[in-house]
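All chains are named by letter (A, B, ...) in the order of the sequence lines, taking the proteins before the strands, and each is independently numbered beginning at 1.
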Protein chains: 2
Amino acid sequence: MNLKQLATHLGLSQTTVSRALNGYPEVNRDTRERVQRAASEHGYSPNRRARSLATGRSMAIGHVIPLRTQHEMMNPVFADFIAGAGETYSRNGYDLILSVVGPRDEEAVYSELFSKGAVDGVIVHGPRAGDNRIEMLNRIGLPFVVHGRASDTPGPYSWLDINNRRAFDRATGYLIDLGHRRIALLNGLEDMDFAQRRRQGFLDAHQRRGIEPDTALMCSGEMTEMYGYEALRPLLASSERPTALLCSSMISAVGARRAIHEAGLELARDISLITHDDDLSYLRNGSNVPMFTATKSSVREAGRTCAEMILRSLSSPDLPLQTTMLEAEFVLGQSTGPAPASL
Amino acid sequence: MNLKQLATHLGLSQTTVSRALNGYPEVNRDTRERVQRAASEHGYSPNRRARSLATGRSMAIGHVIPLRTQHEMMNPVFADFIAGAGETYSRNGYDLILSVVGPRDEEAVYSELFSKGAVDGVIVHGPRAGDNRIEMLNRIGLPFVVHGRASDTPGPYSWLDINNRRAFDRATGYLIDLGHRRIALLNGLEDMDFAQRRRQGFLDAHQRRGIEPDTALMCSGEMTEMYGYEALRPLLASSERPTALLCSSMISAVGARRAIHEAGLELARDISLITHDDDLSYLRNGSNVPMFTATKSSVREAGRTCAEMILRSLSSPDLPLQTTMLEAEFVLGQSTGPAPASL
DNA sequence: ATATGTATCCAAAGCGCTTTGATGGTTGAT
DNA sequence: ATCAACCATCAAAGCGCTTTGGATACATAT
């Protein structure tokens with residue numbers, strides 16, 4: 001059933017039927033109701049492609065997920081982010097178009113999505129420091145919101161980020177105040193902007209207290225379980241092992257915990273661990289008492305808000321650029337304690 | 001730059017330009033090259049909405065992800081599945097449209113996606129036993145491939161599944177042969193088809209050896225880390241604790257391992273654990289020697305293949321329905337051993 | 001009686017593409 | 001010279017919708 005058929009069936013013009021369904025005022029009340037009833041009876045819903053073509057809007061938002069290599073990981077926090085964003089989209093009648101691409105094609109994909117008219121806007125995932133996607137999107141005029149930020153990017157843009165620097169500053173400071181001096185950092189990949197900021201927070205907390213961080217204890221890598229395990233293991237074997245540890249994600253924290261158990265150490269008593277917690281639905285940080293002390297910020301909520309931001313900027317393009325800074329919650333769990341005296 | 005502009009700029013008709021770019025034979029070779037050069041110079045790529053409208057095909061596949069409740073988990077294996085499918089789509093010029101919806105709206109979303117012409121086909125995720133989505137899709141005539149199967153569904157359909165029954169049959173048999181008699185099952189939600197089949201395999205292996213399974217040791221739940229922990233903990237505290245354990249996912253296996261450590265038990269020596277392993281990129285089962293003995297099957301590969309199946313059935317609609325059955329690999333790891341004598 | 005609104009409705013153009021059904025120009029065979 | 005058979009190109013229709021710019025009828029004001 002299409003508009004034309006519905007219109008002839010009702011003995012009305014396409015114009016009137018269209019206006020009746022789209023809530024335009026110049027339609028008689030009775031007519032409108034008659035049209036709406038007929039539409040739902042016949043299960044009519046306007047063809048999106050045609051509507052898009054006519055209005056020039058595609059009612060879809062693009063999410064471009066970069067995979068650095070063919071076999072590289074799909075960042076699991078994307079799943080929750082997208083779940084959050086997806087909720088907002090479906091509530092507002094938008095579609096979510098997902099492109100999984102290699103890094104070479106990434107820019108091309110954005111501009112193609114735009115020039116093909118497939119999307120009205122995009123969310124930029126995983127910004128690196130000095131990311132050139134942002135400048136490029138500004139140039140071609142495709143509306144976007146960045147999940148995270150990119151330092152060294154000229155010009156303003158819309159973003160939503162958590163205060164990574166402060167979160168890791170606080171967490172590190174907490175450990176130092178507990179007496180820890182040798183603190184390891186299992187950071188994410190440090191070409192990613194968020195990881196750089198966390199590193200900065202880690203360093204700031206040391207510096208403010210006049211403590212020299214041990215760079216041998218600072219690692220960077222993709223936040224897998226395996227990375228948490230393999231990065232921490234050699235550190236624990238060393239004679240000058242760390243007494244505390246900061247992790248960039250729950251997943252690598254789980255790997256780190258495995259290494260800790262395997263080394264015969266006990267969390268909190270022998271070694272303290274603080275992790276960032278994206279509040280992933282399948283990897284909650286304990287039910288009553290959190291298992292890990294953590295800097296917590298829901299990535300799903302971030303997805304919801306990011307989606308709202310891009311939709312708002314589409315509906316009112318003249319609005320000034322929006323930025324949202326979320327503070328991570330500092331959650332005290334069972335994985336931290338005073339530095340062991342013996343070390 | 002659109003087709004019309006490109007055509008007048010070249011002094012050709014829209015027809016010729018369109019045919020030149022789409023590889024139709026009735027275009028002079030020189031002309032074709034001239035057109036192609038101009039197109040790439042001006043960065044022309046045809047508007048997808050318009051092309052869709054003209055051809056009646058939208059070049060997009062829909063993935064509908066059901067969330068049972070507002071706050072329920074986003075199944076993390078979706079992420080890898082979609083990464084796999086996405087690779088196939090971008091290689092073939094297809095878009096992936098993701099809808100995250102509550103369970104009530106699910107059917108409506110499928111038929112809307114179809115009647116709005118937003119997608120050419122869909123992938124059905126997370127089939128339940130006797131799932132009515134399948135019949136419904138057959139009724140409205142929207143091409144689809146099911147990731148998994150649904151028993152009790154009348155009529156044939158295309159699917160890709162792993163042999164869940166056999167995988168869990170083998171794994172259970174292996175444990176029994178090692179002398180284990182009290183084997184726990186931490187299954188997924190048992191209204192899901194895959195979980196029912198795994199349960200069946202678990203029971204079959206017992207029955208074939210004339211052993212009565214202990215139903216008190218059989219649990220079902222969403223496969224989170226927390227579930228693995230909380231479901232196993234009371235079982236370990238009981239006087240008749242299980243000596244072995246089957247897990248439906250790596251994530252709950254990680255939770256189970258936590259409970260095991262906390263109970264002061266050691267994997268393999270005191271209690272054996274076999275898990276299903278979807279080969280998630282961020283949660284690999286060890287690097288050299290697998291940490292868990294596992295039934296392994298890459299969900300990312302499944303996504304790739306599912307996508308290929310739906311694309312193939314779109315390009316040749318008269319092909320008979322395709323079904324793909326993958327056998328899980330049985331991987332021997334460090335989490336299994338003979339049943340402890342003392343119990 | 002004429003002019004001015006006002007409330008409803010409609011015909012037709014247009015969005016950017018593909019595709020059908022010509023059209024003119026060459027070539028080779030009759 | 002005539003016809004058929006291509007080859008290369010084009011004009012125009014059509015995909016299903018929105019939207020512009022009237023049209024019609026009726027009520028109200030001059």
From the options [options], select the nucleotide whose nearest atom is closest to the side chain of [X].
{"X": "A54(B)", "options": "dC17(D), dC15(C), dC15(D)", "result": "dC15(D)"}
{"X": "T16(A)", "options": "dT18(D), dC17(D), dC9(C)", "result": "dC9(C)"}
{"X": "V27(A)", "options": "dC15(D), dC9(C), dC17(C)", "result": "dC9(C)"}
{"X": "L12(B)", "options": "dT9(D), dG16(D), dC9(C)", "result": "dT9(D)"}
{"X": "S18(B)", "options": "dA8(D), dT18(C), dT19(D)", "result": "dT18(C)"}
{"X": "N28(A)", "options": "dC9(C), dC17(C), dG16(C)", "result": "dC9(C)"}

Assign S52(B) to base, sugar-phosphate, or nothing according to its heavy-atom contacts below 4.0 angstrom with the strands shown. nothing
Notebook entry, point to check: Reckon R19(A) touches a base, only the sugar-phosphate, or nothing at all at heavy-atom distances under 4.0 Å?
Noted result: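 Base, at least one base heavy atom under 4.0 Å.
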Quick check: closest heavy atoms across V124(B) and F144(B), and the distance to 0.1 Å?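 In terms of heavy atoms, the two residues are closest at CG2-CD1, 4.1 Å.
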Is the distance from OP1 or OP2 of [N] to the nearest side-chain N or O of [X] less than 4.0 Å?
{"X": "Y44(A)", "N": "dC17(D)", "value": "yes"}
{"X": "T31(A)", "N": "dT8(C)", "value": "no"}
{"X": "N22(A)", "N": "dT18(D)", "value": "yes"}

Nearest whole Å is fine: how far is [N] [atom2] from [X] [atom1]?
{"X": "E26(B)", "N": "dT9(D)", "atom1": "CD", "atom2": "P", "value": "10 Å"}
{"X": "Y24(A)", "N": "dG21(D)", "atom1": "OH", "atom2": "P", "value": "14 Å"}
{"X": "K4(A)", "N": "dA13(D)", "atom1": "NZ", "atom2": "P", "value": "14 Å"}
{"X": "L3(A)", "N": "dT18(D)", "atom1": "CG", "atom2": "P", "value": "7 Å"}
{"X": "R49(A)", "N": "dT18(D)", "atom1": "CZ", "atom2": "P", "value": "14 Å"}
{"X": "Q5(B)", "N": "dC17(C)", "atom1": "CD", "atom2": "C1'", "value": "13 Å"}
{"X": "L21(B)", "N": "dC17(C)", "atom1": "CG", "atom2": "P", "value": "10 Å"}
{"X": "L53(A)", "N": "dT18(C)", "atom1": "CG", "atom2": "P", "value": "12 Å"}

Where each residue is assigned the nucleotide of DNA chain D containing its nearest heavy atom, which of N47(A) and G11(B) is assigned the position nearer the 5′ end?
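The residue closer to the strand's 5' end, by nearest nucleotide, is G11(B).
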Between the side chains of [Y] and [X], is the shortest nitrogen-to-carboxylate-oxygen separation below 4.0 Å, so that they form an ion pair?
{"X": "E106(B)", "Y": "R133(B)", "result": "yes"}
{"X": "E41(A)", "Y": "R34(A)", "result": "no"}
{"X": "R149(B)", "Y": "D161(B)", "result": "yes"}
{"X": "E87(A)", "Y": "R304(A)", "result": "yes"}
{"X": "D95(A)", "Y": "R48(A)", "result": "yes"}

Q: Could you say whether R29(A) or P46(B) is positioned toward the 5' end of DNA chain C, judged by the nucleotide with the nearest heavy atom to each?
A: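 Counting from the 5' end, the first nearest nucleotide belongs to R29(A).
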Nearest-nucleotide wise, let me know which of Q14(A) and P25(A) is further upstream toward the 5' end of DNA chain C.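 It is P25(A) whose nearest nucleotide is closer to the 5' end.
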**Prompt:** Hey, is the side chain of T15(A) pairing donor to acceptor with the base of dA11(C) inside 3.5 Å?
**Reply:** yes
